[in-house]
**Student:** 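Below is a structure I'd like to ask you about.
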Amino acid sequence: MNTNSAVWRSILRLQQIYPEKVNEICNGIGLSKNMLLNPNLSLPIDIFLNFFIEAESVFNDELISINYARLAQIRPNYAEAFGLMFVYSRHLKEGFKLLQTYINIELEGINFVIREDLNEVKVLFIANAKIQHSSVYENLCLSILAAFIRSKRFPIKCINTKTHTSGGAIKEKSVFSCPINSQSAETSIVISKKNYLKKNTLSNTKLVDYLKSIAQEKIDKKVSKVNLVENIEVLMNNYVNYYSNINIQEISDQLGVSTIQLRYQLSKENTTFRKVLNNFKLKKAKNMLQKGLSVKVISYQLGYSDPSSFIRWFIGQTKLTPTTFKTTNRD
């Protein structure tokens with residue numbers, strides 16, 4: 001698993017600004033100085049994370065992994081797809097959707113989910129739980145996206161992070177000119193709905209369409225190499241406490257394919273989106289029943305409006321009531 005070259009170059013930028021401190025970090029994690037001379041290096045993710053874990057002590061900043069993008073002076077670079085998306089998308093909404101696609105292609109093990117409310121938009125960053133120090137990885141991706149938002153001069157309302165500070169749960173003003181809510185249950189950025197939809201006077205539809213076509217080529221190659229159902233289940237796991245929001249449109253957006261393409265790919269594996277979703281929820285339901293959770297709690301966690309709806313669904317899937325399954329502890 002490797003990081004995108006654009007992220008690696010931001011470390012090189014940090015080294016240009018603070019050479020002594022970066023050299024100290026490299027010595028601490030056993031990273032050769034010669035590696036910093038290669039701007040095209042694809043850095044293994046464990047080294048990438050160790051760099052920023054070590055940086056906390058060197059920079060004496062517990063929130064280094066959040067502030068790092070601004071510290072490294074990341075800005076939209078006209079040679080980079082990320083920067084082009086934000087500069088020329090019609091609005092932040094389009095830019096976010098494109099970034100979802102590119103992050104899923106270029107940065108394995110990380111995803112972000114967009115939640116739109118009446119007045120606010122929340123972007124949640126969710127790393128694969130199998131990744132060591134996953135919350136640090138989430139913070140780094142949050143930092144990069146936050147730097148792009150601020151470079152467009154859009155204010156960020158707040159940043160939420162799972163980072164634990166020595167002073168306990170606090171709200172700290174960050175280099176992004178907004179409060180950071182530490183010790184949160186999630187890693188996220190909150191912006192106003194107004195700015196999310198605000199028209200960009202520099203938008204270039206033809207260029208954005210070109211970027212989409214590049215992404216689609218990469219997606220087509222990637223989809224052929226991965227187990228699609230497993231990939232969908234990984235994305236569905238990101239909806240903890242939001243399972244009722246799972247739908248084929250959102251999953252398609254995160255995979256970077258159309259709903260028609262997704263249905264077609266699933267049909268080639270002799271399944272459908274509904275079957276994948278039902279199997280996913282059933283595994284979750286069985287696991288929660290075996291852990292002793294009540295039917296009421298499980299039904300609400302899975303997104304059912306009332307327990308009776310969940311019970312009918314469970315019987316339809318297993319021919320057993322949840323209570324019977326719980327008693328017999330069948331798989």
Side-chain angles (χ1 to χ4, degrees), residues 52 61-72 74-76 82-83 85-87 89-104 107 110-127 134-165 167-200 235 237-247 249-251 253-254 303:
F52 289 98
D61 183 357
E62 290 181 302
L63 302 177
I64 180 68
S65 60
I66 293 177
N67 294 336
Y68 125 91
R70 287 296 291 274
L71 192 63
I74 295 176
R75 294 291 186 276
F82 283 7
M85 289 172 193
F86 264 83
V87 171
S89 291
R90 289 175 296 174
H91 35 55
L92 285 181
K93 181 174 184 176
E94 183 176 61
F96 282 0
K97 291 294 184 181
L98 281 168
L99 279 175
Q100 270 189 321
T101 300
Y102 270 83
I103 283 178
N104 280 326
L107 292 177
I110 188 73
N111 186 51
F112 68 81
V113 178
I114 301 169
R115 297 265 175 261
E116 294 185 40
D117 291 325
L118 186 62
N119 298 314
E120 292 183 343
V121 174
K122 180 183 289 187
V123 184
L124 295 105
F125 298 82
I126 305 164
S134 58
S135 61
V136 176
Y137 196 22
E138 291 172 355
N139 282 347
L140 291 171
C141 291
L142 175 153
S143 178
I144 294 167
L145 185 57
F148 282 129
I149 295 171
R150 290 293 294 153
S151 72
K152 293 279 287 180
R153 301 188 185 280
F154 284 119
I156 297 172
K157 298 185 77 170
C158 72
I159 286 173
N160 301 303
T161 174
K162 298 172 186 173
T163 299
H164 284 249
T165 60
I170 61 170
K171 289 188 176 181
E172 181 172 330
K173 198 84 168 182
S174 73
V175 289
F176 296 110
S177 302
C178 70
I180 290 182
N181 301 318
S182 61
Q183 300 187 8
S184 173
E186 64 187 31
T187 305
S188 63
I189 297 173
V190 180
I191 63 173
S192 73
K193 188 72 171 285
K194 180 180 179 181
N195 287 329
Y196 182 63
L197 298 174
K198 187 175 181 179
K199 185 177 179 180
N200 178 13
L235 296 178
N237 269 315
N238 296 340
Y239 287 78
V240 176
N241 299 324
Y242 295 97
Y243 289 129
S244 60
N245 291 336
I246 297 176
N247 60 70
Q249 185 64 62
E250 279 209 15
I251 297 298
D253 287 343
Q254 292 175 55

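Atoms considered below: every heavy atom in the structure, side chains included; atoms not considered: hydrogens, waters and symmetry mates.
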**Student:** Could you tell me the separation between the NZ atom of Lys122 and the CD1 atom of Ile114, rounded to the nearest 0.5 Å?
**Tutor:** 13.5 Å
**Student:** Within the 4.5 Å heavy-atom criterion, are Ile66 and Phe176 side-chain neighbours or not?
**Tutor:** yes
**Student:** Check salt bridge (charged side-chain N to carboxylate O under 4.0 Å, His left out) between Lys157 and all other residues, then give those that pass, not counting sequence neighbours.
**Tutor:** Glu120
**Student:** Could you grab the distance from atom OG of Ser135 to atom CG of Leu140, nearest 0.5 Å is fine?
**Tutor:** 9.5 Å
**Student:** Side chains of Ser188 and Leu124: does their closest heavy-atom pair fall under 4.5 Å?
**Tutor:** yes
**Student:** Using the salt bridge (charged side-chain N to carboxylate O under 4.0 Å, His left out) criterion, which residues pair with Glu116? Sequence neighbours excluded.
**Tutor:** Lys93, Lys193
**Student:** Name the orientation class of the two ring planes belonging to Phe112 and Phe96 (parallel below 30°, tilted from 30 to 60°, perpendicular beyond 60°).
**Tutor:** perpendicular
**Student:** Looking at Asn139, Asn160, Leu145, which hits side chain to side chain contact (heavy atoms under 4.5 Å, CB included) with Phe125?
**Tutor:** Leu145
**Student:** Minimum heavy-atom separation for Ile156 to Cys178, with atom names?
**Tutor:** O-CB, 3.1 Å
**Student:** Return the CG to CZ distance between Leu92 and Phe148, rounded to the nearest 0.5 Å.
**Tutor:** 12.5 Å
**Student:** If every non-hydrogen atom of Val87 is compared with every non-hydrogen atom of Lys152, which pair is closest and at what distance?
**Tutor:** O-NZ, 3.8 Å
**Student:** Check for a donor-acceptor pair, side chain of Asn200 on one end and backbone N or O of Ser89 on the other, with a separation under 3.5 Å.
**Tutor:** yes
**Student:** Report the distance from atom OG1 of Thr161 to atom CG of Leu142, rounding to the nearest 0.5 Å.
**Tutor:** 7.5 Å
**Student:** Tell me every residue that passes salt bridge (charged side-chain N to carboxylate O under 4.0 Å, His left out) with Lys97, counting only those two or more places apart in sequence or in another chain.
**Tutor:** Asp253
**Student:** Give the minimum heavy-atom separation between Asn181 and Cys158, together with the two atoms involved.
**Tutor:** ND2-SG, 3.9 Å
**Student:** Can you give me the closest heavy-atom contact between His91 and Tyr196, atom names plus distance?
**Tutor:** CB-O, 3.8 Å
**Student:** Do other residues, nucleotides or ligands put more than 12 heavy atoms under 6.0 Å from Lys162 NZ?
**Tutor:** yes
